[in-house]
Amino acid sequence: MKKGVIFVIIFLIPFIFAGLPSQKKVKEISRAIREGKIDVGTEYDMEPGQRWHNIHSEVLKIDCSDCHIEKYDNDYLYQRRYKVPVRDAPGVVKREVCLKCHREGGPTGMELYGKSK
Amino acid sequence: MARYALVIDIAKCTGCRSCVAACKLENMVQKGNYWNFVLEYEEGEYPNVRRWFVPMNCMHCENPPCMKACPEGAIKKNEYGVVLIDYNKCKGRRYCIAACPYGVIHYISKEETFYPGEKTPYEKLPSDARHPLHRKKPGVAEKCTLCWHRIEKALKEGKKPGSDYDSTPACVPVCPAEARYFGDLDDPESIVSKLIKKRKVKVLKEEFGTKPKVYYLF
């Protein structure tokens, strides 16, 4: 029984992390972007096709649905929960996704978030 | 040096939105945007239900991700720990909006008047006649300034910020439930320091390591 549970967990791991690239890969890509080996454009903007989306969706291949949510959970704390998430509105993306790479000591050179105590 | 902070008593907040209205008026926040807003949360099952109100504004983090994310260097934390956007430098890249885990930064996409087709006397004021923090324009990001224009004025006049109505952020004195407190974290005698020491406090999204300076009492 115990062995079966361990087997299922090990089997599921690749699927759980399938959407996001590995930390090692992110580190390599981040370095390559900083060194100019990967062209992500010079337009610092949020629109698709510009630098921000080029890095996250084109180069790192992060799925749109990893960040953009179509519908808020029923208990999601959000002032405009009944409106479809739109650009600029609070809570457009679940920032927990960002935390994985942009935390202090994370694989990118862009450490936006600190360490929780 | 002082570090200004807000303490909000969730147990007292009735969700009346006086703070939201006061902020809107004081800072002439763009229509559709809110520097201060209230989240609502319901828990329990009838008849044992409880509704929570969580007023939100810029957390003026010690470690602000918006400041680090801005490619133009338009966001700065001043010596009093207040995080401010420089509208002259902001180019509306919206990286700050993406980085802020609290969703409290807004973008002004176009100029909108409060009343359709007409401007209020304040809206008619030329940009130069306003405080630099009120010289917003389409294509920039905006957020709570902790009413820095009031704090700055108080400091210039030699007054202690938070000591009277005019030197306190607009959202604080209007609260009918007296659920909001403002003061200096570095002053052990300030109301915020005393409350933080005495009561159970929480900050939002602690896991992001932003060290917010808006504390919630439960």
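The structure displayed is predicted, hence computed values, not measured ones. Chain letters run A, B, ... following the sequence lines, proteins first, then strands; residues in each count from 1.
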Portion of Glu111(A) that has a non-hydrogen atom of chain B nearer than 4.5 angstrom: backbone
Heavy-atom contact with chain B under 4.5 Å, split by part of Met46(A): both
Can you establish whether the number of heavy atoms outside [X] located under 6.0 Å from its atom [atom1] is more than 12?
X	atom1	result
Phe218(B)	CZ	yes
Phe114(B)	CZ	yes
Lys27(A)	NZ	no
Glu178(B)	CD	no
Lys211(B)	NZ	no
Lys12(B)	NZ	yes

Atom of Leu112(A), atom of Ala99(B) and distance for their closest heavy-atom approach: CD1-CB, 4.0 Å
Sidechain N-carboxylate O distance under 4.0 Å for Glu206(B), Lys115(A): no
Arg94(B)/Asp45(A) ion pair, N-O < 4.0 Å: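 Looking at Arg94(B) and Asp45(A), the cut-off is met.
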Lys205(B) and Tyr113(A), any side-chain heavy atoms less than 4.5 Å apart: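 Side chain of Tyr113(A) against side chain of Lys205(B), heavy atoms only: no contact under 4.5 Å found.
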Sub-4.5 Å side-chain heavy-atom contact between Cys98(A) and Phe208(B):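 No; the side chains remain at least 4.5 Å from each other.
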Gap between atom OH of Tyr95(B) and atom CH2 of Trp52(A) - 0.5 Å precision: 8.5 Å
Nearest-0.5 Å distance, CD of residue Glu96(A) to CD of residue Glu207(B): 6.5 Å
Which atoms of Cys100(B) approach chain A - backbone, side chain, both or neither, heavy atom under 4.5 Å: backbone
